[in-house]
Amino acid sequence: MTDSAPAPATSTAPVDVFAKVRGHEREAQLNAARDAGLLPYFHVQESAAQPVVVMEGAERVQLGSNNYLGLTSDPRVLQAAHDAIDAYGSGLTGSRLLNGTIPLHLELEREIAAWMGTEDAIVFSTGHQANVGTLGTILAPGDTVVADSADHASILDGCLLSRAKLRAFRHNKLDKLEKQLQRAAGDGGGVLVVVDGVFSMEGDIAPLAEIAELCGRYGARLMVDEAHGAGVLGTRGAGASELLGVEDRVDLRMGTFSKSLASCGGFIAGATEVVDYLRISSRAFLFTASAVPAAVGAALAALRIVRSDEGPALLAGVLDNARYLRDGLEQLGYAVVRPQALGAAAPGPDGRDDVVTPIVPVLVGDDWKAALLWRALFDAGVFVNTALHPAVPPGGALLRTSVMATHRREDLDRALGAFERVKRAFEAEHGELPGPDSH
């Protein structure tokens with residue numbers, strides 16, 4: 001008996017699944033930017049993440065890093081990474097569930113919980129997985145999730161994965177949040193509000209006291225993404241929730257290791273019953289390889305520095321540098337974020353009743369002008385990030401600058417000098433940029 005030949009195809013797919021990669025709406029714009037040397041993405045850094053880096057053969061002041069405390073080159077963090085490799089090898093080759101848990105994971109989770117002031121914590125291999133794996137597990141069809149329109153993309157991904165009903169509200173608009181909570185009350189399921197503590201592009205802080213009050217009034221749970229707040233804000237550096245005095249009213253707090261903690265990974269801190277549920281139910285936790293030992297060891301060492309007697313000076317240093325850069329840019333005539341009032345919360349580390357986070361966006365408006373300004377700064381020896389539509393609303397293109405605690409005044413003055421020269425030449429050729437009253 002012989003195998004018969006496969007039957008000839010009688011039909012083909014009506015559309016090539018790859019067709020979408022050709023002729024999409026951004027293709028012409030990207031090609032034009034490449035041809036003009038204005039593409040601000042995928043540039044190669046050839047040195048460690050320091051305040052001044054070597055990028056594509058030249059020294060540039062690094063104002064595009066999330067290394068807020070400057071710990072990526074701290075000898076203790078590097079030694080911890082080396083020690084972890086020596087003890088556990090280059091990789092763990094399995095999930096946390098099976099063969100990928102080492103003592104460093106357990107120490108890190110215990111110390112994160114203590115830092116956050118929660119019952120427990122769980123460590124994910126990336127921050128994206130922490131959000132997707134938590135929201136996609138805690139929420140279910142029939143539930144409702146209420147999210148700020150400026151929340152990080154990983155939050156949106158987790159919301160969509162969960163198939164819960166998504167109700168978005170305009171960025172930091174409490175009246176819009178309340179309206180969505182009123183609507184969610186009739187949806188018939190559980191309700192979770194999820195917001196960034198510090199918004200990654202805008203650099204502003206969510207009004208967490210008011211959000212927590214609304215959640216309490218409408219019976220909703222609250223999750224705060226502290227990726228850009230942990231290791232930056234609060235006396236302990238525990239984030240916006242600590243700074244604004246609402247830790248006891250936030251149910252879940254997410255954070256990452258790829259900012260202040262000088263590594264890569266993410267965590268969720270909260271009640272033991274929730275964390276235990278994630279450990280046995282979150283597919284993003286169960287079905288991905290455990291983080292490499294070096295990343296876990298480095299994060300643990302960085303966390304211990306933040307929680308040591310050195311922590312307060314580092315926290316104060318990054319906020320002081322942020323205010324110095326913001327004030328300098330405003331004096332040069334750029335449209336920058338204003339210091340954010342803390343209201344009834346305790347004063348910041350410098351005793352002020354307002355705060356500037358390490359994220360200092362410069363509003364430009366037009367996408368092409370933003371790309372041109374980015375290039376002029378790059379050529380002048382300063383690297384910044386660029387946010388264009390759809391990462392920001394139409395007409396809201398900006399340059400995202402960010403500082404480290406280890407930036408020296410001469411580094412920031414060097415950058416401000418470049419901003420001054422570039423602005424003068426740019427406006428002579430392309431017209432005025434938005435001014436301080438525009439933001």
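These numbers come from a predicted model, not from an experiment. For the numbers below, each heavy atom of this structure counts, side chains included, while hydrogens, waters and symmetry mates do not. Numbers here are sequence positions counted from 1.
Taking the six-membered ring where the residue is Trp, the centroids of W368 and H430 are separated by 6.0 Å or more.
Side-chain contact, Q50 with T406: no donor N or O sits under 3.5 Å from an acceptor N or O. T357 and H228 are not linked by any side-chain donor-acceptor pair at a separation below 3.5 angstrom, with hydrogens and angles left out of the test. Under the 3.5 Å distance criterion, with hydrogens and angles disregarded, a donor-acceptor pair is assigned to the side chains of Q62 and Q45. Between the side chains of D83 and Q79, at least one donor-acceptor pair of N or O atoms lies under 3.5 Å. Between the side chains of N131 and D157, no donor N or O sits under 3.5 Å from an acceptor N or O. H128 and T126 share no donor-acceptor pair across their side chains, judged by distance under 3.5 Å alone.
Residues meeting the salt bridge (charged side-chain N to carboxylate O under 4.0 Å, His left out) test with K423, sequence neighbours left out: E427. For H171, the ring pair (Phe, Tyr, Trp, His ring centres under 6.0 Å) partners at least two apart in sequence or on another chain are F199. Residues passing the side-chain hydrogen bond (donor to acceptor under 3.5 Å, both in side chains) test with T118, sequence neighbours excluded: none. By the side-chain hydrogen bond (donor to acceptor under 3.5 Å, both in side chains) test, E119 pairs with T272, sequence neighbours left out. For R304, the side chain to side chain contact (heavy atoms under 4.5 Å, CB included) partners two or more places apart in sequence, or in a different chain, are E107, E111, L300.
Using bins of under 30°, 30° to 60° and over 60° for the plane-to-plane angle, the ring pair W374/H43 lands in the tilted bin.
For S282 (side chain) and G133 (main-chain N/O), a donor-acceptor pair under 3.5 Å exists by modelled atom type. A donor-acceptor contact shorter than 3.5 Å is absent between the side chain of S162 and the backbone of G136. Of the possible donor and acceptor atoms, one in the side chain of T72 sits under 3.5 Å from a partner among the backbone N and O of A49. A side-chain donor-acceptor contact under 3.5 Å links R421 to the backbone of G417. Of the possible polar contacts, none joining the R253 side chain to the M223 backbone as a donor-acceptor pair under 3.5 Å is found. Looking at T288, its side chain never comes within 3.5 Å of a backbone N or O of A284 through a donor-acceptor pair. Q340 places a side-chain N or O within donor-acceptor distance of the main-chain N or O of I205, the cut-off being under 3.5 Å. In this structure a side-chain-to-backbone donor-acceptor pair under 3.5 Å is missing from S263 to F257. A donor-acceptor pair under 3.5 Å links the side-chain atoms of D151 to the main chain of D148, judged by distance alone.
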Worksheet item: Should D196 and I155 be marked as a side chain to side chain contact (heavy atoms under 4.5 Å, CB included) after you check the CA-CA gap, both sets of side-chain angles, and the distance that decides it?
Response: CA-CA 9 Å; D196 286 4; I155 292 175; 3.2 Å; yes
Practice prompt. Under the side chain to side chain contact (heavy atoms under 4.5 Å, CB included) rule, what do L286 and S95 come out as? Steps first, then yes or no, please.
Written response: CA-CA 6 Å; L286 295 170; S95 70; 6.0 Å; no
Practice prompt. Kindly determine whether V362 and V384 satisfy side chain to side chain contact (heavy atoms under 4.5 Å, CB included), including the steps that lead there.
Written response: CA-CA 10 Å; V362 177; V384 300; over 6 Å; no
Fill in: Chi angles and distances behind the side chain to side chain contact (heavy atoms under 4.5 Å, CB included) call for V123, R96
CA-CA 9 Å; V123 165; R96 289 284 307 277; 4.1 Å; yes
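The two residues A415 and V61 come nearest to each other via the heavy atoms CB-CG1, 4.1 Å. The shortest non-hydrogen separation linking A294 to I85 is CB-CG1, 3.8 Å. Nearest heavy atom pair, residue Y68 against residue S402, reads CE2-CB, 4.2 Å. In terms of heavy-atom proximity, V195 sits nearest to A206 at CG2-CB, 4.3 Å. For M201 against A387, the heavy-atom pair with the smallest separation is SD-CB, 3.6 Å. Nearest approach of V77 to A301, heavy atoms of both residues: CA-CB, 4.0 Å.
For residues 297-343, every residue pair satisfying the ring pair (Phe, Tyr, Trp, His ring centres under 6.0 Å) rule, not counting sequence neighbours, is listed here: Y334-F419.
Here D74 pairs with R76 in a salt bridge; the nearest charged N to carboxylate O distance falls below 4.0 Å. By the 4.0 Å N-to-carboxylate-O rule, R279 lies close enough to D120 to be salt-bridged with it. Contact check on R221 versus D251 returns a salt bridge, with a Lys/Arg side-chain nitrogen under 4.0 Å from an Asp/Glu carboxylate oxygen. Ion pairing between a basic and an acidic side chain is recognised when a charged N comes within 4.0 Å of a carboxylate O; R60 and D379 show no such pairing.
Evaluated for a side-chain hydrogen bond (donor to acceptor under 3.5 Å, both in side chains) with D411, the options H407, R409, R408 yield exactly one hit, R408.
Residue E46 qualifies as enclosed at atom CD: its count of foreign heavy atoms under 6.0 Å is above 12.
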